[in-house]
Amino acid sequence: MILIEATNWDLDCESEEMNSWEWIKAQISQSYIKFLFMLRGYSLIGRYARNYLFNYVAYSYDIVSSYIEAHEKIRAKAENFSAQEEVMKKVFEESISNQKRAEEFLENFLNASFPEISIEIKTKKAAFNVVEFSRSTQLLTQTF
Amino acid sequence: MKVGPQMQTQSQRDVLRSEQSETVIEMRSKFLTALKTQFWEFLEKNNTSA
């Protein structure tokens, strides 16, 4: 829902440049992550802290990677929108700028600080895509 | 009041700019609506919980 809220935020200020990434980044609490990271070494609460940390980083990763994926998909689709080249270029530049900042956050903060969690999430996403692909292929075979 | 050629060109430029910015807003709105639909699609497919 955070992604939809971010888009609503941009839609409310549609006369200004797209800047939803800054809003999303503000929703991801880096200080909370750092706090859990610090607690994970303690003997009694360490296990809980590790679980919370994993879930929170996974959730943040999910937000950022979905945000990037959606921007790429829409830019590919938007080529069919009937608009002047200049206008398209302007909107695409805004989208690319938001996407780049999201990618930097993913690389420099999430991937660099929590590589094991990133790998696990990437594997889960890849597995999901394989299942989705086989499901759609099965549907196609059944139709024809 | 007479409008000089330079003034006219400026006002024409202003009209053109405002028309273009309206088109940008329209395109931005289309883009954002498509983006929102894409996020709903992700949520429906359970591809994301975000």
Side-chain angles (χ1 to χ4, degrees), chain A residues 1-18 20 24 27-28 55 58-67 69-78 80-95 98-99 121 124-125 128-129 131-132 135-136, chain B:
Chain A
M1 291 307 275
I2 205 167
L3 293 170
I4 290 158
E5 273 181 53
T7 320
N8 284 340
W9 187 78
D10 254 346
L11 276 166
D12 286 343
C13 326
E14 63 183 12
S15 55
E16 288 164 34
E17 289 192 0
M18 279 188 254
S20 52
I24 291 173
Q27 307 306 308
I28 299 170
N55 291 336
Y59 176 65
S60 308
Y61 192 96
D62 195 18
I63 293 171
V64 184
S65 60
S66 301
Y67 182 78
E69 195 184 335
H71 269 271
E72 275 172 359
K73 278 193 172 179
I74 299 306
R75 279 204 309 277
K77 280 185 198 169
N80 303 327
F81 289 179
S82 51
Q84 295 165 7
E85 202 177 315
E86 287 269 307
V87 175
M88 288 274 273
K89 199 179 157 201
K90 169 91 181 74
V91 176
F92 274 28
E93 273 171 6
E94 290 174 19
S95 161
N98 275 277
Q99 187 188 327
I121 295 160
K124 274 185 186 169
K125 281 219 166 198
F128 178 84
N129 287 335
V131 171
E132 272 294 302
R135 204 181 285 168
S136 61
Chain B
M1 195 182 109
K2 259 189 167 180
V3 181
Q6 218 173 351
M7 286 275 281
Q8 223 168 7
T9 317
Q10 182 60 45
S11 73
Q12 275 174 345
R13 252 186 248 142
D14 288 344
V15 170
L16 201 71
R17 202 173 294 147
S18 81
E19 272 174 7
Q20 206 169 26
S21 76
E22 263 177 42
T23 327
V24 170
I25 293 171
E26 208 176 287
M27 176 65 187
R28 190 181 288 133
S29 171
K30 265 188 195 173
F31 188 93
L32 287 167
T33 310
L35 199 65
K36 198 169 157 181
T37 312
Q38 185 64 59
F39 290 144
W40 275 118
E41 216 174 277
F42 280 168
L43 277 170
E44 278 165 13
K45 282 185 177 175
N46 287 322
N47 197 8
T48 182
S49 57

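Labels below follow one simple rule: chain letters A, B, ... track the order of the sequence lines, proteins then strands, and each chain is numbered from 1. Worth saying up front: this structure is predicted, and the values here are computed from it rather than measured.
- Using a 30° and 60° split on the angle between ring planes, B:Phe31 and A:His71 fall in the tilted class, from 30° to 60°.
- The minimum heavy-atom distance between A:Val87 and B:Thr23, with the atom names listed, is CG1-O, 3.7 Å.
- Pairing each heavy atom of A:Ala70 with each of B:Phe39, the nearest pair is CB-CE2, 3.3 Å.
- Atoms CD and OG1, from A:Glu14 and B:Thr33 in turn, are 8.0 Å apart once rounded to the nearest 0.5 Å.
- A:Trp9 CH2 to B:Leu32 CG: the interatomic distance, rounded to the nearest 0.5 Å, is 11.0 Å.
- A:Ser15 and B:Arg28 get closest at one heavy-atom pair: C-NH1, 3.5 Å.
- By the side chain to side chain contact (heavy atoms under 4.5 Å, CB included) test, A:Glu72 pairs with A:Ile68, A:Arg75, A:Gln99, A:Glu103, sequence neighbours left out.
- The part of A:Lys77 that comes within reach of chain B is its side chain, from C-beta onward, which places non-hydrogen atoms under 4.5 angstrom from that chain.
- The closest side-chain heavy-atom distance from B:Val24 to A:Glu86 is not below 4.5 Å.
- Residue B:Lys36 holds its NZ atom at 11.5 Å from CG of A:Asp10, rounded to the nearest 0.5 Å.
- In this structure, chain B has a heavy atom under 4.5 Å from the backbone of A:Glu16, while its side chain stays farther away.
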